[in-house]
S.K.: 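Handing you a structure now.
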Number of protein chains: 2
Amino acid sequence: MNLDNIIDNIYPLPDRSKALLKERIYEIAYPKATILFRANRIASKVYFIKKGIVRAYANQNEEEITFWFGKEGDAVISMKNYVEDQRGYETIELLEPCELYEIQTEDLRALYKNDIEVANWGRKFAEQELVKIEERFISRQCKVAVERYKELMNNDPDLLKRVQLVHIASYLGITPVSLSRIRAEFK
Amino acid sequence: MNLDNIIDNIYPLPDRSKALLKERIYEIAYPKATILFRANRIASKVYFIKKGIVRAYANQNEEEITFWFGKEGDAVISMKNYVEDQRGYETIELLEPCELYEIQTEDLRALYKNDIEVANWGRKFAEQELVKIEERFISRQCKVAVERYKELMNNDPDLLKRVQLVHIASYLGITPVSLSRIRAEFK
DNA sequence: ATAAGGAATTATCAAATGATAAGAAATGTC
DNA sequence: GACATTTCTTATCATTTGATAATTCCTTAT
């Protein structure tokens with residue numbers, strides 16, 4: 001996923017503002033299983049995924065609960081870090097070797113302060129992430145695991161192929177055994 | 001909850017920008033049971049709660065699933081509306097007679113375009129809402145109903161007193177009967 | 001090609017939750 | 001204050017889900 005597309009999909013920037021932003025963004029590649037963010041640590045970077053797939057999980061009672069998958073075009077970010085300079089609860093792990101776009105949070109903040117276009121880009125960025133998580137939240141709250149599995153099958157069949165069943169099960173809030181039972185019904 | 005506090009808690013604005021914003025905000029009161037937003041409708045307003053308590057619910061299989069409570073100081077907003085001009089999935093109902101601060105989405109957007117301070121205020125607003133919903137999401141994903149009930153007891157005991165058990169149960173994702181059983185254990 | 005290790009499925013049983021209904025408590029109304 | 005209505009609790013039973021373990025399937029390395 002191309003950097004210009006990622007930026008423009010959030011909010012189309014005039015050339016000058018876009019140049020300011022792109023000046024601060026670097027490309028970087030990491031191998032599978034790299035940890036991008038670690039729970040309870042301060043991090044100061046924001047990533048966008050050019051290529052690859054990642055998962056975010058939280059530790060709860062000795063268990064890893066997966067609550068998000070990111071793939072091409074998605075932003076990888078520890079919100080508590082980014083927004084409040086506080087320690088995040090999530091660990092983010094690469095499930096495949098990944099190519100990423102990286103920017104320092106402080107660079108982003110400096111741009112927000114000085115360029116109204118970038119400030120509005122940052123606003124749209126937060127707003128879009130907000131809508132995304134709200135949709136996941138509603139789905140989590142209103143639908144049972146089977147329904148959410150079907151939803152995933154429709155919206156992102158690719159993901160089901162690229163990600164291990166344990167993680168999908170955790171994401172759906174059920175055990176891998178339960179997910180297997182659900183799958184067995186659709187044959 | 002005072003309007004100045006609400007605004008400043010999001011992001012302290014210089015006087016001039018703050019005046020621009022406040023110029024567009026009106027106070028209004030509604031009786032209990034008023035519907036502020038209706039699912040699948042376009043709305044074009046944003047509210048902040050001065051006094052009172054509200055709930056947001058989505059309709060799922062003939063059932064109302066409560067997924068949010070708002071009280072003094074909280075923003076009442078249909079995100080899909082506000083962000084994307086799309087129909088929201090939520091209905092928002094006043095559980096008490098409420099006093100509200102109201103602003104038109106289009107007025108807010110005009111300010112974002114023209115004032116970098118207000119643009120950054122809007123960014124912080126979205127970011128803070130994002131962190132709030134992320135916390136609820138993680139709690140929903142990682143904790144079972146009992147734990148989340150305890151969490152609610154600690155963080156917002158007031159809410160438990162002001163809101164009916166059916167709604168709390170729905171919010172926790174269990175039946176009222178189940179919630180009663182949970183309550184009975186803490187006596 | 002085959003062996004070894006990891007991942008997914010299936011089976012069995014125990015535990016937790018839901019549905020339904022009936023009773024107790026609280027709230028509102030006249 | 002007493003009745004009616006709503007809300008909450010308790011009880012019983014059926015269903016669903018989880019835990020554990022055994023088996024099958026798939027991937028990878030040599």
Side-chain angles (χ1 to χ4, degrees), chain A residues 31-33 53-55 57-67 69 93-97 139-153 156-187, chain B residues 31-33 52-55 57 59-67 69 93-97 139-153 156-187:
Chain A
K32 185 173 171 171
I53 200 160
V54 312
R55 75 169 176 123
Y57 63 89
N59 284 94
Q60 184 70 14
N61 311 328
E62 316 284 310
E63 231 189 333
E64 291 178 359
I65 315 267
T66 297
F67 61 87
F69 297 109
E93 177 197 12
L94 308 193
L95 298 178
E96 295 177 355
S139 170
R140 189 72 170 76
Q141 185 93 354
C142 296
K143 294 179 180 170
V144 294
V146 198
E147 292 172 317
R148 294 196 303 121
Y149 178 72
K150 284 184 193 168
E151 199 175 73
L152 210 54
M153 267 194 341
D156 208 343
D158 182 46
L159 194 95
L160 294 178
K161 280 174 205 144
R162 287 163 79 184
V163 174
Q164 247 177 270
L165 181 122
V166 241
H167 298 141
I168 305 274
S170 173
Y171 178 78
L172 295 174
I174 54 179
T175 58
V177 176
S178 240
L179 179 52
S180 251
R181 285 197 275 239
I182 288 172
R183 275 182 163 177
E185 285 179 32
F186 301 122
K187 270 181 186 170
Chain B
K32 183 173 174 173
I53 200 160
V54 311
R55 75 169 177 125
Y57 63 89
N59 284 94
Q60 184 70 15
N61 311 327
E62 316 285 310
E63 231 189 335
E64 291 177 0
I65 316 266
T66 297
F67 61 87
F69 296 109
E93 178 197 11
L94 308 193
L95 298 178
E96 295 176 355
S139 171
R140 188 72 170 75
Q141 184 92 355
C142 295
K143 295 180 179 169
V144 293
V146 198
E147 292 171 317
R148 294 195 303 122
Y149 177 73
K150 284 185 195 166
E151 200 174 73
L152 210 55
M153 267 192 344
D156 208 343
D158 181 46
L159 193 94
L160 293 179
K161 279 173 207 145
R162 288 163 77 183
V163 174
Q164 247 177 271
L165 180 123
V166 238
H167 298 142
I168 306 272
S170 172
Y171 179 78
L172 295 174
I174 55 179
T175 59
V177 176
S178 241
L179 179 52
S180 249
R181 284 197 277 239
I182 288 172
R183 277 182 162 178
E185 284 179 30
F186 300 122
K187 272 181 185 168

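If you're wondering where the values come from, they're calculated on a predicted model, not measured in any experiment. Only this structure's heavy atoms are used, side chains among them; waters, hydrogens and symmetry mates stay out. Labels below follow one simple rule: chain letters A, B, ... track the order of the sequence lines, proteins then strands, and each chain is numbered from 1.
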S.K.: Between P on dT9(C) and CD1 on Ile174(A), what's the gap in Å once rounded to a whole number?
M.R.: 11 Å

S.K.: Please tell me which of Val177(B) and Gln164(B) maps to the more 5' nucleotide of DNA chain D, matching each residue to the nucleotide holding its nearest heavy atom.
M.R.: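 That would be Gln164(B).
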
S.K.: Whole Å only: how far is the CZ atom of Arg148(B) from the C1' atom of dT17(C)?
M.R.: 15 Å

S.K.: Rounded to the nearest Å, what distance is computed from the CZ atom of residue Arg181(B) to the P atom of nucleotide dT17(C)?
M.R.: 8 Å

S.K.: Are side-chain heavy atoms of Arg55(A) and Gln164(A) found at a separation under 4.5 Å?
M.R.: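 When only atoms from C-beta onward are counted, Gln164(A) and Arg55(A) do not touch, as no gap falls below 4.5 Å.
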
S.K.: Verify the contact: side-chain N or O of Ser178(B) to OP1 or OP2 of dG18(C), cut-off strictly under 4.0 Å; return yes or no.
M.R.: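 Yes.
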
S.K.: Is any side-chain heavy atom of Glu93(A) closer than 4.5 Å to a side-chain heavy atom of Val54(A)?
M.R.: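 No, side chains not in contact.
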
S.K.: Using atom CG of Leu95(A) as one end and atom C1' of dG6(C) as the other, report the distance to the nearest whole Å.
M.R.: 16 Å

S.K.: Over how many whole Å does the gap from His167(B) atom NE2 to dC8(D) atom C1' extend?
M.R.: 14 Å

S.K.: In whole angstrom, give the distance that lies between atom NZ of Lys161(A) and atom P of dT27(D).
M.R.: 14 Å

S.K.: Give the rounded distance in Å between these two atoms: NZ of Lys32(A) and C1' of dT27(D).
M.R.: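 Atom NZ in Lys32(A) sits about 11 Å away from atom C1' in dT27(D).
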
S.K.: Verify whether one side chain among Tyr171(B) and Arg148(B) offers a donor that lies under 3.5 Å from an acceptor in the other.
M.R.: no

S.K.: Just wondering, do His167(B) and Phe69(B) contact through their side chains at under 4.5 Å, heavy atoms?
M.R.: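 Phe69(B) vs His167(B): side chains touch.
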
S.K.: Could you check whether Thr175(B) gets within reach of a base, just the sugar-phosphate, or nothing at all, counting any heavy atom under 4.0 Å?
M.R.: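 If one applies the 4.0 Å heavy-atom cut-off, Thr175(B) turns out to touch the sugar-phosphate alone, with no base involved.
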
S.K.: Across the strands shown, which category fits Val166(B) at heavy-atom distances under 4.0 angstrom: base, sugar-phosphate, nothing?
M.R.: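 Answer is sugar-phosphate: Val166(B) comes under 4.0 Å of backbone atoms only.
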
S.K.: Please give, in whole Å, the distance from dT17(C) C1' to Leu179(B) CG?
M.R.: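 In whole Å, dT17(C) C1' and Leu179(B) CG are 13 Å from each other.
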
S.K.: Ignoring backbone atoms, test whether Arg183(A) places a side-chain nitrogen or oxygen under 4.0 Å from the OP1 or OP2 oxygen of dT9(C).
M.R.: yes

